Amino acid sequence: MTRWVRGPLELRVGIESETGTLVRNQLTMGPAGEMPLPRPGVYEGYAWGAGREATSAYYDETLTSISDDWTPEQIRQARNQCPANERYVLDLAFAREPEPDDEDDD
């Protein structure tokens, strides 16, 4: 069992979900998956992680080795072979109902 200890990269976070679903996203590769929340609303808490430095170093090294003839699939495969484990934790608590949508239906 992994025991997560909040570290120096701890961030205070707040999210609002009208659907009760949190979409996890990758910076350049699109959605990584979804996580159901107990209910729609505003959640507040903390996020922290481990392994970011080693993962970043691997990606930087991979980017410098890519040539113009690489296909997107080859780049994706290289990214997926990262030997480092990058993990994040979200510690969220329900704070309140979501704000009503103010969009006009015109």
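Every value quoted in this text rests on a predicted model; they were computed, and no experiment measured them.
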Residues in side-chain hydrogen bond (donor to acceptor under 3.5 Å, both in side chains) with Thr64, at least two apart?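 Testing Thr64 for side-chain hydrogen bond (donor to acceptor under 3.5 Å, both in side chains), a comparison that skips the adjacent residues, returns none.
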
Quick one: list whatever passes side-chain hydrogen bond (donor to acceptor under 3.5 Å, both in side chains) with Gln81, sequence neighbours left out.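 Result, side-chain hydrogen bond (donor to acceptor under 3.5 Å, both in side chains) vs Gln81: none returned.
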
State which residues pass side-chain contact (heavy atoms from CB on, under 4.5 Å) with Glu86; sequence neighbours excluded, sorted by chain then number. Arg52, Thr55, Tyr88

Any idea which heavy atoms bring Ala78 and Tyr58 closest together, and the distance? O-OH, 2.6 Å

Using the test salt bridge (Lys or Arg N to Asp or Glu O under 4.0 Å), find all partners of Glu97 that sit at least two apart in sequence or belong to another chain.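 Salt bridge (Lys or Arg N to Asp or Glu O under 4.0 Å) check on Glu97 returns Arg39.
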
Residues in salt bridge (Lys or Arg N to Asp or Glu O under 4.0 Å) contact with Glu34, at least two apart in sequence or another chain: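 If we apply the salt bridge (Lys or Arg N to Asp or Glu O under 4.0 Å) test to Glu34, skipping adjacent residues, there are no hits.
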
Which residues satisfy the ring-ring contact (aromatic ring centres under 6.0 Å, His included) test with Tyr43, sequence neighbours excluded? Phe94

So if you build clusters from Ile, Leu, Val, Met, Phe, Trp, Tyr with side-chain heavy-atom gaps below 4.5 Å, do Trp70 and Leu63 land together? yes

Going hydrophobic residue to hydrophobic residue with side-chain gaps under 4.5 angstrom, can you get from Tyr46 over to Val89? yes

Sub-4.5 Å side-chain heavy-atom contact between [X] and [Y]:
X	Y	result
Pro98	Glu16	yes
Leu22	Leu90	yes
Ile15	Leu92	yes

With rounding to the nearest 0.5 angstrom, report the OG1 to CD1 distance, Thr62 to Ile75. 10.5 Å

Inter-residue atom distance Asp91.CG - Arg12.CZ, 0.5 Å rounding: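 Those atoms lie 10.0 Å apart.
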
Quick check: are there more than 12 heavy atoms from other residues, nucleotides or ligands sitting under 6.0 Å from CD of Gln74?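 Yes - once you tally the heavy atoms of other residues, nucleotides and ligands closer than 6.0 Å, there are more than 12.
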
Tell me if the CG atom of Asp69 is crowded by more than 12 foreign heavy atoms within 6.0 Å. yes

